[in-house]
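Structure record follows, encoded as structure tokens.
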Amino acid sequence: MIMRLAQSLGYEVVDVKDGDGTLAVDGHDGASSLRVGWRPLIVEGYTGSGSIDRFAIRTRDARHRESLRDMRDRLRFPDRWDDAVELAGPILRLLEPGAYGVRRWPDANVHIEPFGENRSAWWYPYEAIGTEGTAVIPTDNWPPPNDAMVELYADAIQGGERPLAVLLRSEPPGDEQDCAAFLIDGHHKLAAYRRTGTDPHFLDIARLADRRPCEPADLHAVIGGDGKLAQSAANLMRYLQHSGS
């Protein structure tokens with residue numbers, strides 16, 4: 001079923017046999033985690049508050065983001081290559097072994113959900129303004145701090161270039177209006193697309209596996225003892241614990 005969904009959305013199915021697992025996405029959309037260096041960085045899901053609001057929580061440990069920045073040095077590749085799987089090669093080698101879908105996703109309809117001071121981001125799917133399409137969850141500072149780099153990409157985009165930012169998600173989107181993806185690389189590119197009013201282009205990688213939520217331990221790790229976040233995430237935690245029992 002998930003393979004057919006992926007192929008219907010334009011993903012090419014790839015069997016990763018030799019990935020080293022330093023970058024991993026687990027769970028299903030609405031209860032997924034992103035791990036870097038085998039440690040949870042972000043967990044996203046529904047709040048379970050009786051509404052349809054969703055949230056993401058990021059760990060307070062800045063070393064996780066530093067590790068991801070170091071990892072991005074291994075993700076440099078030309079934007080002009082045509083083959084999506086070749087483009088994704090450096091990332092696939094970092095992922096856990098398993099099946100993944102890889103696609104170029106041009107002219108994407110997305111909204112960006114940056115983290116606030118309490119390490120959380122909140123949004124409501126299907127709102128008429130501001131949250132149409134896929135929720136993109138940044139893995140680094142948003143907006144990105146290097147404005148000169150954003151301007152360089154903006155000039156290239158206005159000149160007709162379409163550089164690819166990189167998304168990693170727990171499964172192919174069953175509903176483009178209510179789904180989430182982690183922005184692994186390309187924060188400056190995405191900011192440049194927004195600056196120019198151009199729909200962004202992505203290299204989009206989706207995990208293809210049996211549908212199950214992420215581990216409760218991942219959510220516990222990103223909460224990190226914060227009582228307010230633990231209260232906000234209590235319903236999601238109960239769902240994760242019940243699903244794993």
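- Between the CG atom in Leu167 and the CZ atom in Phe202 there is a gap of 4.5 Å [rounded to 0.5 Å].
- What you find for Ala192 and Ala154 is that their closest heavy atoms are CB-N, 3.5 Å.
- Counting only heavy atoms from C-beta outward, the side chains of Leu95 and Leu168 approach each other to under 4.5 Å.
- Within 6.0 Å of the CG atom in Asp210, the count of heavy atoms belonging to other residues, nucleotides or ligands does not exceed 12.
- Thr59 contributes atom OG1, which lies 6.0 Å from atom CZ of Arg119 (distance to the nearest 0.5 angstrom).
- Within the model, atoms CG of Leu203 and CD1 of Ile184 stand 11.0 Å from one another, a figure rounded to the nearest 0.5 Å.
- The distance from atom CG of Leu229 to atom CG of Leu219, rounded to the nearest 0.5 Å, is 9.5 Å.
- Between the side chain of Tyr193 and the main chain of Pro163, a donor-acceptor pair closer than 3.5 Å is present.
- When the shell of 6.0 Å around NE2 of His111 is examined, it contains more than 12 heavy atoms from other residues, nucleotides or ligands.
- Taken from CG in Asp140 to NE2 in His188, the straight-line distance is 8.5 Å, to the nearest 0.5 Å.
- Donor-acceptor pairing under 3.5 Å is recorded for the side chains of Thr134 and Glu176.
- No side-chain donor-acceptor contact under 3.5 Å links Asn141 and His187.
- When only modelled atom types and interatomic distance are considered, Tyr124 and Asp178 share no side-chain donor-acceptor pair under 3.5 Å.
- Proximity of a side-chain donor or acceptor of Trp38 to a complementary backbone N or O of Gly21 within less than 3.5 Å is detected.
- Put simply, the side chain of Ser232 gets close to the backbone of Lys228: a donor and an acceptor are under 3.5 Å apart.
- Salt-bridge annotation for Glu171 and Arg211: present, with a side-chain N of the basic residue lying under 4.0 Å from a carboxylate O of the acidic one.
- The main-chain N or O of Asp18 is never found under 3.5 Å from a side-chain atom of Arg93 such that the two would form a donor-acceptor pair.
- Gln177 places a side-chain N or O within 3.5 Å of a backbone atom of Gly133 that can act as its donor or acceptor partner.
- Figure legend: Arg58 and Trp142 shown without cation-pi pairing, the cationic atom not lying both under 6.0 angstrom from the six-membered ring centre and within 45 degrees of its axis.
- Val43 pairs with exactly one of Ser33, Pro216, Pro213, Ser32 by the side chain to side chain contact (heavy atoms under 4.5 Å, CB included) rule, that one being Ser33.
- Side chains of Asp204 and Tyr11: a donor-acceptor N/O pair is present below 3.5 angstrom, by distance only.
- In this structure, CZ in Arg207 is found 12.5 Å from CG in Asp29, a value given to the nearest 0.5 Å.
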